[in-house]
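One structure is given here, and the rest of the page talks about it.
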Amino acid sequence: MSIKQKLTGVAVDSLVDYLKDKLEQLKQLDLDHDGRTDVDQIKELLGQVSARVKDSLDSTDFPKLASGLEQIMSGASLIGSSVDRQKLADACTELGTAMTKLGNLLELGVHEMKQIDTDSQ
């Protein structure tokens, strides 16, 4: 075994020992000071969530779920095919042009009102 390999092995062993020590310290934490370690509380919460998820999955009717999703997809397809996309695109373009024209007219109106206000003073 080469010196590099030996040093690497020692470094890895030291790191493993260090991490084990730190994990043991983490297992003893009780940040909320309720007398129960945080790790135990986390394990309990994860167990509760896991049980709820399993219960939810057990009560799910997957054939009905699949059927509902199929209906949604076919409905979306029906909606998409019922719209004349070119006419809708043309209407959107026209709306953009009209909004720009309206903005210009409003700007001119504001300018005119400021001019009338300045002239009256």
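Values in this document were obtained by computation on a predicted structure and should not be read as measured data.
Every residue two or more places apart in sequence or in another chain was checked for a side-chain contact (heavy atoms from CB on, under 4.5 Å) with Glu94, and none qualifies. Shown here are the side-chain contact (heavy atoms from CB on, under 4.5 Å) partners of Val49, two or more places apart in sequence or in another chain: Val53. Listed by chain and number, the residues in a side-chain contact (heavy atoms from CB on, under 4.5 Å) with Gln41 are Asp30, Asp32, Asp34, Arg36, Asp38 (sequence neighbours excluded).
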Before giving the answer on side-chain contact (heavy atoms from CB on, under 4.5 Å), spell out for Val110 and Met113 the whole-Å C-alpha distance, their side-chain angles and the decisive distance to 0.1 Å.
CA-CA 5 Å; Val110 167; Met113 294 304 290; 5.8 Å; no

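The shortest side-chain heavy-atom distance between Lys27 and Glu24 falls under the 4.5 Å cut-off. Looking at heavy atoms from C-beta onward, Lys43 lies in side-chain contact with Asp40 at the 4.5 angstrom threshold.
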Show me the donor-acceptor pairs within less than 3.5 Å that the side chains of residues 76-91 make with the rest of the protein, sequence neighbours left out.
{"unit_1": "Ser81", "atom_1": "OG", "unit_2": "Ser77", "atom_2": "O", "d": "3.3"}
{"unit_1": "Ser81", "atom_1": "OG", "unit_2": "Leu78", "atom_2": "O", "d": "3.0"}
{"unit_1": "Ser82", "atom_1": "OG", "unit_2": "Leu78", "atom_2": "O", "d": "3.4"}
{"unit_1": "Ser82", "atom_1": "OG", "unit_2": "Ile79", "atom_2": "O", "d": "2.8"}
{"unit_1": "Asp84", "atom_1": "OD1", "unit_2": "Gln86", "atom_2": "N", "d": "3.2"}
{"unit_1": "Asp84", "atom_1": "OD1", "unit_2": "Lys87", "atom_2": "N", "d": "3.3"}
{"unit_1": "Gln86", "atom_1": "NE2", "unit_2": "Asp90", "atom_2": "OD1", "d": "2.8"}

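The other residues sharing a hydrophobic cluster with Leu31 are Leu23, Leu26, Leu29, where clustering joins ILVMFWY side chains under 4.5 Å apart.
Expressed to the nearest 0.5 Å, how far CG of Asp61 lies from OG of Ser67 amounts to 9.5 Å.
Side-chain N or O atoms of Ser56 include none that pairs as donor or acceptor with a backbone N or O of Arg52 at under 3.5 Å.
Hydrophobic clustering (side-chain heavy atoms under 4.5 Å, transitive across Ile, Leu, Val, Met, Phe, Trp, Tyr) groups Phe62 together with Leu69.
The stretch residues 106-116 participates, sequence neighbours left out, in these side chain to side chain donor-acceptor pair (under 3.5 Å) pairs: Gln115-Asp119.
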